[in-house]
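What follows is a single structure, written as structure tokens, with notes after it.
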Amino acid sequence: MRDFADIPQVDLRPPSQVMRLARMGASFPTRLSFLRTLLRRLGSEGAQVARPVWEISNDGFGHAVYTIPLGGYVYSLVAVATDLPADQRSDRVIAEAWDTSYVLYDGIPKAAEIERIIANAPLQEAGRFTERDLVLSRANKSVRLFNHCVERLRGGHQPDADMIRKIGYLMRTTAVYGNGKFGIADRTLIEDRPGLSGPFMVEMLTVWMIRGFTHDLAEHVGGAPMERALKRHLGIGNATGLGMAPFLVSHPVLLNNWMFVRETALARVRAVEALDEAQIIALYALLERVADHLSEWQVPDPEHQACIETMRREWLTVAAQMTPELLTSERPVDALIGWSEKLSFDTQELLVALVLEPFGELVDGLADCMVDPFGAQLDPLMDVSDLRDLLGSEASWALEYDFADAKETAQFWYVSEEKLEPRLGDRHSEEGADLESPLDIARQVQALARDLGDAQGRVGDFLRAHPDHRSVVRRVQTLATHPYAEIRENLIADTTHPIDMLRCKLAFFGAAKFDPKSTLWTRIALVQGAPLADELDTPDDWWLASLPA
Amino acid sequence: MIPSVAELQSSLLKAARGMGLALGVGEDIATAAPFILAADEPNETLAQLLQQMESGQISDVITAIDTALVDGAATLTDTIEARALVASASYKMQRVLVLINGRIEATDAAKIDKAIPRRETIDDGLWEQLQGFAARTYVPATDASRLKGAGAGLSDND
């Protein structure tokens, strides 16, 4: 990674602190989140969105095409809106019909290509796509808010601001497929293109463009424009189930790079010796913004609502701590973050995200280091004694679990034959554990440690005798250079909640307003407060934006 | 069937697991997907690869590659599926691996380029065979698992 040594930084928070589910499950979006990076890029290029096709009926069904230039290429969102009976409206992967479906197309589609997409996009997983199709997605209406907006606009009024604050989006995406799924383009095809090289950039572009379509659709059916401030506060929702969680386990180097970059950004900001006046003013403004955000953030789940209320209380303490004296003292951010360690994980991580905001020049360049072109590597040349040392230094956390205890093996991850939906089973009462997905990393590490014993020679020699350890050896070796590559928990224990993994990943996307519905799935809001299509030249300052009263 | 590279990759990993191969072996086979599609005869390469996976002999290819990396050389029968795995390992390890006359040799490299992503038509029967192996990792659905084991409600009209 480039230029890491050139900028002062304090010690990074260690993986033993950062890579724990309780803390990962308290993640917030930061200015390094992928949506922020994308919108900065679009803004810097002065990108202009056009809508060359709008074939939508008065009641809101039909298709539209939007185009946007990025990095010397043009991409098009083809949006298809259909009439969905209420009994088919499900956010689950097993759904078979949706209110709207989308393809992000490479270039500008001609009529025949539009027709092909109109025929296939509503089929989603049952359709078949081509290399010109970069992303496949679908979204269902938030029936409450969509209908409310339409009715208000038809009556000559604006939608209710409180309802917009409470729900935050007109539609929820329930899948955003990239990288070769159902025949769409492989990531390798576009990964070197300017603006799309970062993780999930093409998916984020799709999501942001879908949000624009939902605005246009509501205004079209409502027959009147919405006020700009209200519209800006209408993001795009998303319902995410536990299928997203295994990604973090199957992409250890990528996970490391995301975490390492965020932690490096924090370490750089903590090392700032003194704040200038503009930075202090910015921090005070952000303090207030967070308070507004927390007051806007309401969820039905009592446990999560209690966390939000704790954050609200603790935020008063944070405000009291951020005195002019502290902010004008030596290394003020370091002092603030150190002090915050007595607060809840949620408030700690919220503060981490906040302090990065005024330091774009110091941290934004790190976003280039969040990709992983090679994946985890196995080194058969490594000496077995070095592997044993690595187990002790980087994987000892995995050796502490007692897998003879039924609680430590209580759950198993699997893929259902029903639309290949990922699910979680109870090992001790359900069938299927013999087909479990290999997320039992801690258990695999223990098995490796047992067989490694006092073996000698090279890793390649050891693997000849023990081929079953090939995968976990690769993972342990990866920790030598990628210390944040593993979630340092037993992922099959009865206490493991997939929602913590989902939240971590979603926060890197840029998600906020987490609204958990169980330990297995959550709703979120994306791009709430983000620039509209004709506002890309505005400053990149929409982190946790709230709707002014 | 014209699969994407990613579809071939994920199918191979699942198929390897479905056949009972070690996870790490499956990972290495999956990584070779772009090199299988870049082979002169991708269908023949995939067909032979599946046979070798089914018999378990593919593990010997992986072991021979490891041995060559550790010792500088190893014995390995020159087959088209072995060539794809050797090319993949060569890229991942950034070392020159040459398979010739039943022998694989490893030497240092300056930089080895990745396979250019490309798509090939895979015979439907062969693709179905691959999907059949992959399906061995899927758990049959039950009403209980549908309701309890997955996220999101069955209806979301809010």
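To find a chain, count down the sequence lines: A is the first, B the second, and so on, and within it residues start at 1.
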Can you tell which of [options] has the highest number of heavy-atom pairs within less than 4.5 Å of chain A?
options	value
S10(B), G18(B), S4(B)	S4(B)
L8(B), V5(B), T63(B)	V5(B)
I62(B), L69(B), I2(B), D66(B)	D66(B)
S59(B), P34(B), A6(B)	A6(B)

Contacting region of [X] [heavy-atom separation from chain A under 4.5 Å]:
X	result
D60(B)	neither
T137(B)	backbone
L21(B)	neither
R17(B)	side chain

Find the one option among [options] whose heavy-atom pairs under 4.5 Å with chain B are most numerous.
options	result
G183(A), G432(A), G375(A), A95(A)	G183(A)
P467(A), S142(A), S437(A)	S142(A)
V472(A), V473(A), L420(A), D468(A)	L420(A)

Show the numbers, then the answer: is there a side-chain contact (heavy atoms from CB on, under 4.5 Å) between R523(A) and K517(A)?
CA-CA 7 Å; R523(A) 287 181 182 164; K517(A) 298 298 176 187; 4.0 Å; yes
Tell me, for [X] versus chain B, whether the close heavy atoms (under 4.5 Å) come from the side chain, the backbone, both or neither.
X	result
N140(A)	neither
E436(A)	backbone
R128(A)	side chain
P498(A)	neither
A376(A)	backbone
I184(A)	backbone
R172(A)	side chain

Using the ring of each side chain (for Trp, its six-membered ring), is F462(A) parallel, tilted or perpendicular to H469(A), with breaks at 30° and 60°?
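Geometry flag for H469(A) against F462(A): parallel rings.
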Do the non-hydrogen side-chain atoms of [X] and [Y] ever get within less than 4.5 Å of each other?
X	Y	answer
D379(A)	V459(A)	no
M93(B)	P380(A)	yes
R187(A)	V371(A)	yes
N43(B)	I122(B)	yes

Could you list which of residues 70-85 of chain B have a heavy atom closer than 4.5 Å to any heavy atom of chain A, in residue-number order?
V70(B)
Output yes when R464(A) and D461(A) qualify as a salt bridge under the 4.0 Å nitrogen-oxygen rule, no when they do not.
yes
Taking R427(A) first and then D440(A), would you say they form a salt bridge - that is, a charged N and a carboxylate O separated by under 4.0 Å?
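D440(A) and R427(A): not salt-bridged.
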Quick check: F200(A) with F247(A) (ring centres under 6.0 Å apart)?
yes
Say whether, by atom type as modelled, one donor and one acceptor occur between the side chain of [X] and the main chain of [Y] under 3.5 angstrom.
X	Y	answer
H148(A)	R144(A)	no
D515(A)	V299(A)	no
D99(A)	K141(A)	yes
R503(A)	T522(A)	no

Enclosure of Q377(A) CD (heavy-atom neighbours >12, cutoff 6.0 Å)
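Enclosed: over 12 neighbouring heavy atoms sit under 6.0 Å from CD of Q377(A).
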Minimum heavy-atom distance between R423(A) and A141(B), given as atom pair plus value:
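Smallest interatomic distance, heavy atoms only, reads NH1-CB, 4.1 Å.
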